[in-house]
Every structure is written in structure tokens, then in C-alpha cells.
Amino acid sequence: MRICRPAVPAWVRVFCMALLLAGCAPLISEYSLDAYKNATSLKAETLAMVDKSGEKYAPHKDDVDALTVKISAAYEFAAGIPNNELSATQWQIVRNPDGNLWGGFVRVWSSQGTVSPAFRLGIRKNISDAFDQIICLEVNKKESKSCAAAVAASQ
Amino acid sequence: MSQFDDFFGIVVSGSKGLAEQTLQGFVAQAKDDTRNFLNQSKQQLQQWTTQLALGQLSKLEFEVLVGGLKDLAALRALTQAGIAAAAIQRFRDALITLVIDAAFKTFVP
């Protein structure tokens, strides 16, 4: 039995293959310098605030609130970029008032009035690691890099 | 052998190199990262449990620190998913370039 093959010119098949590949939606957003700057600068600001949490909360309340607004703005910025759900979710986890990173830190400091040195040390590391994850993902949108290298380059 | 077979051969052999270049190392890096995180988390949990017992951490502080490990695990999973997506996207973009280059090389005199 003869197998019938449609007489499609080679150039048409090539064109279709290229079109098929090029037509796929982006899997992830492009690298954003603004998003990267948000992560690196807010990491520094939040860690500086954690260092002050051995003091009473009340005098720092306005600064803490202002920083919370900045983190929320960074989330909104990330959420507004197409195909950027992964990064936006990361910001949401960091800022979540019921969570255990920036939101958790503010909850402890405000409810206790001050925090213990042991907590300060532990939460500092957790928040630092959290921002490092956001930085690592943003850098990898541009080029493949280990998280350690991505974070080292940001400091 | 037809021109299209030539073209297809160039794309297939080129894509193998592309895959090695853009996708290799990703899985190993994810494994290393996860192993390091688990080791680090174990040490931290031991430390915080001791500090809770000694009264150096309040109950709320302990809860937030331990809960932070769960949040960090979620963040790491998102990072790994993003790194994989970015690597696959780079591979796809390079493959498009390869297909176009191979087509010009094969079909355009």
C-alpha cells in the first residue's frame, strides 16, 4: 500500500515550525531593573529596621508603616507586570500581615513593644533570605546564575 | 536526502547542544539549594527550640520564626519554578533562532 504524503513545500513547513515556536506566549516576564532595585533597596531598609527592634515600637511606628507601604508598592509593581505571577506571589508572601516574614516581624514588635535579641537575629536571617529569593529570581530572568552569585552581585 | 531532511538534521543536532547549554545544571542546582535549606532549617529549629526552653524567645516569637521557614520554603519553590521557566524560555528563543538560521542556510542559495 502506498502512503500518501501531502505535497507541502519545504519552505511552508519551515515557516509553520518557526511560527509555532515564535507564537508561544512568554513563560515568564522579562528582567526588570526597577523590580531588582525594589528588592535590593527594600532588603537593606527592612534589615535596618529589624536592627532597631530592640528599641520600643511606638517611636518607630510611622517609619514601619511607611516601609510597609513601600513593600506593598513593590508588590503592586510586580503584580502589574505581565507574566510575573511568580515574583508577585513572592512579594505577597513577604508582606503578608498574617505571614511570618515582614508581616510577622511587625506583628511581634507591635504587640510586644520590643523584641528579644534571639528573635531579632532569627527574623533578620529569615527576611534577608526572603529578599535573596526575590533577587535571585529577578536576576535569572536575565541570565542563568546561582542564587549565591546573584545575591553576591547585588551587595 | 531532501533539502528538508538536511534542514531537519541541522535543527536536531543544534538543539541538542542548545539543551545542554541552557538547561543542564538547573536540576543539580535546585537539588543543592534544597539540601542546603533543609540542613540550615534543621539547625535553626534546634537553636530556636533551645532558646524557647530557656525563655530567650517568647511563644509568639518562636511561632513567627518557625512559620518563617514555611514561608521561605514557598519562596524557594517559586524561585525554582521561575528559574526553570526562564531557562526553558531561553531555550525556546534560541531554538527559534536556530530554526531560522538553519532554514536560511539550507533553502536560500
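Residue numbers start from 1 in every chain, and the chains themselves are labelled A, B, ... in the order their sequence lines are given, proteins ahead of strands.
- Both the backbone and the side chain of B:Ala85 come within contact range of chain A, with heavy atoms under 4.5 Å apart.
- Among the candidates A:Glu138, A:Gln112, A:Glu143, A:Lys142, the residue making the largest number of heavy-atom pairs closer than 4.5 Å to chain B is A:Gln112.
- The minimum heavy-atom distance linking B:Leu57 with A:Phe119 is given by the pair CD2-N, 3.4 Å.
- Listed here is the closest heavy atom pair of B:Leu78 and A:Leu137: O-CD2, 4.2 Å.
- Of residues 26-40 of chain A, those residues with a non-hydrogen atom less than 4.5 Å from any non-hydrogen atom of chain B are, in numerical order, A:Pro26, A:Leu27, A:Ile28.
- The cluster map of Ile, Leu, Val, Met, Phe, Trp and Tyr, joined by side-chain heavy atoms under 4.5 Å apart, puts B:Ile10 and B:Phe91 in different clusters.
- The part of A:Lys145 that comes within reach of chain B is its backbone (N, CA, C, O), which places non-hydrogen atoms under 4.5 angstrom from that chain.
- Taken from CG in B:Leu72 to NZ in A:Lys125, the straight-line distance is 8.0 Å, to the nearest 0.5 Å.
- Listed by sequence position, the residues of residues 46-77 of chain A in contact with chain B number zero, using a 4.5 angstrom heavy-atom cutoff.
- For the set A:Gly99, A:Gly104, A:Cys147, A:Ala118, the count of heavy-atom pairs under 4.5 angstrom toward chain B peaks at A:Ala118.
- The contact list for residues 60-69 of chain B toward chain A, using heavy atoms and a distance under 4.5 Å, reads B:Leu60, B:Glu61, B:Glu63, B:Val64, B:Leu65, B:Gly67, B:Gly68, B:Leu69 by residue number.
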Listed pairs under 3.5 Å, donor-acceptor, residues 86-94 of chain A side chains, sequence neighbours left out:
| residue | atom | partner | partner atom | Å |
| --- | --- | --- | --- | --- |
| A:Ser87 | OG | A:Asn84 | OD1 | 3.4 |
| A:Ser87 | OG | A:Lys141 | NZ | 2.9 |
| A:Thr89 | OG1 | A:Glu85 | O | 2.7 |
| A:Gln90 | NE2 | B:Leu75 | O | 3.1 |
| A:Gln90 | NE2 | B:Thr79 | OG1 | 2.8 |
| A:Gln92 | OE1 | A:Arg95 | NE | 2.8 |
| A:Gln92 | OE1 | A:Arg95 | NH2 | 3.0 |

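- In this structure, CG in A:Asp129 is found 12.5 Å from CG in B:Asp71, a value given to the nearest 0.5 Å.
- Using a distance-only test at 3.5 Å, with no hydrogens or angles considered, no donor-acceptor pair links the side chain of A:Asn140 to the main chain of B:Ile83.
- Hydrophobic cluster membership is shared by A:Val106 and A:Val108, with clusters built from Ile, Leu, Val, Met, Phe, Trp and Tyr side chains linked at under 4.5 angstrom.
- A:Val139 does not touch chain B: none of its heavy atoms, backbone or side chain, sits under 4.5 Å away.
- One distance of note links CG of A:Leu121 with CD of B:Gln51; it measures 8.0 Å at 0.5 Å rounding.
- Hydrophobic clustering keeps B:Leu38 apart from B:Trp48 (ILVMFWY residues linked when any side-chain heavy atoms are closer than 4.5 Å, directly or through intermediates).
- If you tally non-hydrogen atom pairs under 4.5 Å between each of A:Pro117, A:Ala148, A:Gly103, A:Ala130 and chain B, the highest count goes to A:Ala130.
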